[in-house]
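Scroll down for the structure; my scribbles are underneath it.
A note on names: the letters A, B, ... follow the listed sequences, proteins ahead of strands, and every chain is numbered from 1.
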Protein chains: 2
Amino acid sequence: MRIMSNLTNTPDAILACARNLIMNGGYNGFSYADIADVVGIRKASIHHHFPSKVDLGRVLVSRYIEDARAGLSQLEQSVEDPRAILEAYTNHWAQCIADSSRPFCVCAMLASELPILPPEVAAEVRAFFRLISRWLTSVMERGGKEGVLVLSSAPEVEAEAFMASVHGAMLSARAYGDGRTFATILAPTLRRLSPVAAH
Amino acid sequence: MRIMSNLTNTPDAILACARNLIMNGGYNGFSYADIADVVGIRKASIHHHFPSKVDLGRVLVSRYIEDARAGLSQLEQSVEDPRAILEAYTNHWAQCIADSSRPFCVCAMLASELPILPPEVAAEVRAFFRLISRWLTSVMERGGKEGVLVLSSAPEVEAEAFMASVHGAMLSARAYGDGRTFATILAPTLRRLSPVAAH
DNA sequence: GTCCACCTATCAACTAGTAGGAAGATTTGC
DNA sequence: GCAAATCTTCCTACTAGTTGATAGGTGGAC
C-alpha cells in the first residue's frame, strides 16, 4: 500500500462513502462501482474488505448504531435538562440537514425499504429504532418527573411520536428541498412539550 | 390480445403492480422483469405501454396524485367537521397499514430517495407533497376558525407537522413490523388538536 | 389494410461476486 | 540480524445474472 494508510483507513473510507450514498438513494441506490469511483479503489478491493454487500450493509448500520449511542450519551453528559436535550437533538439534525452534511438519517432511509432489505441488515435497522425509542422514552420519563416536559401521553408513546415527527420532518425537508422546513416542523412539537407554552 | 381485455386493463394492471412494488422497495426496488412476472406479460410488452421506466414512474405518480385528490374531496364531502376529517384521514391510513393493502405512501417512499429520482418523477412527488400540504392547511384553517381544532401554530405549520407525523408513523410502523404503531403515534397528535383535551 | 397488443430475440451496460497474481509489510525460524 | 514464509492490500481479468431498452415479427380487431 502507498502512503495514506495512517491518514485514512480504507474500510472506513468505504463505509463513509456507502453511508453517503445510502442517505441519498437507499440500499439499492448504490453499487460497489459507485464506491470504487469515489474512494479511488477497484471494485474487487471493496470485496476484500466487505466480501458481500450484505456484510457492508450490516457493518455500516451497526457502526451507525454505535455512533448514535456514543452521540446520545455525550449529549446527555453535556446537557442536563430533558427539554434542552430534545432541543439539542433536533438542533443537531437541523444543522446536519441545513449544511447538507447528513441530509437524512441512514436508518430512516433503510427502514422505508425494510421489506426488500436483506434480513441481516433489516435486523440492524430495527435495532436502531429500538435504541432511539428507548433513549427518547427515558428522556421523556425524566422530563415528566422533573416537570420540565409536559407529557399528554405515556412516555413511550410520546417518544414514538417525537421520533416520527423527526423522521417525517426530514422527509418533508427533502421533498421541499428546503432544510429550514425541518426546524419549522419541529418547533411546534418542542413548544407543546414545554411547560412555558403560551396557551 | 386474449379475452380479459374488458375485465382488466393491461396498463392499469402494470401501474397497480408497479405501485405495490414501489411501496415495498422504492424506485430502484422494482424492475420491468418483476412486473412482467406478476402481470403475466413479457418485459417488451410493458415497454409498449410505458416506453421507459421514467414514463411509467411519471404516470404512476401523477395517477396517484389524481387518486389522492379525488379521495380527499370525497372525504370532505362525506365528513364536515375538520377534526373528524383529520380523524377519518388517519383512520384510512391506519386501516391500509393494518390490512397491509397499502402499507406505505408511494410518494413518501419516493420522497425519501428524491435525490436519485429521475427529475420528471421527482417533480411529481413534490407536487404530491404540495397537494397534501395545501389540503391539510385548509382543513387546519377552517378547524381553527370554527373552534373545533386547537392550533398552537400557524395553520400551514400545523399542516406540515401533521403530515410529518403521518409519514413518520408509517415509517415506525414498518420498522416495528406492527401496524398498530401507526394509530398509537397519531392518537396523541389528534388529541392535542382537539379542544376537549384533558390537560 | 392499417392499427394494436403482444411476442421472440437481442442489446449494451451494469450488478454483485470470484480467481488468481503482484508487491509491500509483518512475522517467524535460525 | 537476516532471510524465508506468511499476511495484507490491492490489482487485472473474468463470470453469470439482471437492468432498461430496441428491432422486428405475428395475429387478431376495426
Rounding to an integer number of Å, can you tell me how far [X] [atom1] sits from [N] [atom2]?
| X | N | atom1 | atom2 | result |
| --- | --- | --- | --- | --- |
| B:H47 | C:dA9 | NE2 | P | 17 Å |
| A:Y27 | C:dT15 | OH | C1' | 12 Å |
| A:D34 | C:dA16 | CG | C1' | 12 Å |
| B:I46 | C:dT8 | CD1 | P | 13 Å |
| B:I35 | D:dA21 | CD1 | P | 11 Å |
| A:N28 | C:dC14 | CG | P | 17 Å |

Practice item. Return the residues of residues 49-56 of chain B meeting this criterion: a heavy atom under 4.0 Å from some atom of DNA chain C. Order them by number, or give none. Key: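 Heavy-atom contacts with DNA chain C come from B:H49.
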
**Study point:** 5′-ward residue of the pair A:F30/B:P11 relative to DNA chain C
**Key:** B:P11

Point to revise | B:Y32, nearest nucleotide to its side chain (from C:dG17, D:dA21, C:dC4) | key: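 Taking heavy atoms from C-beta onward, the closest nucleotide is D:dA21.
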
Review point. So, A:E158 and B:R192, do they make that salt bridge, N to O below 4.0 Å?
Key: yes

**Study point:** Separation of A:F162 CZ from A:I132 CD1 (nearest 0.5 Å)
**Key:** 11.0 Å

Please check if the side chain of [X] supplies one atom and the backbone of [Y] the other of a donor-acceptor pair under 3.5 Å.
| X | Y | value |
| --- | --- | --- |
| A:R191 | B:S152 | yes |
| B:S194 | B:L190 | no |
| A:K53 | A:Y27 | yes |
| A:D37 | A:D34 | no |

So, is [X] close to the [N] phosphate, meaning a side-chain N or O under 4.0 Å from OP1 or OP2?
| X | N | value |
| --- | --- | --- |
| B:S31 | D:dT18 | no |
| A:T10 | D:dT9 | no |
| B:S45 | C:dA5 | no |

Practice item. Go through the side-chain N and O atoms of A:S133 and A:E156 and say whether any donor and acceptor fall under 3.5 Å apart. Key: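 Side-chain D/A pair, A:S133 to A:E156: absent.
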
Check your understanding: Which of residues 37-44 of chain B have a heavy atom under 4.0 Å from DNA chain D?
Key -> B:K43, B:A44

Review point. Which of parallel (below 30°), tilted (30 to 60°) and perpendicular (above 60°) describes B:Y176 and A:F129?
Key: perpendicular

Point to revise | A:Y32 and A:H47 aromatic ring geometry - parallel, tilted or perpendicular at 30°/60° bounds | key: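 The arrangement is tilted - the two ring planes meet at 30° to 60°.
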
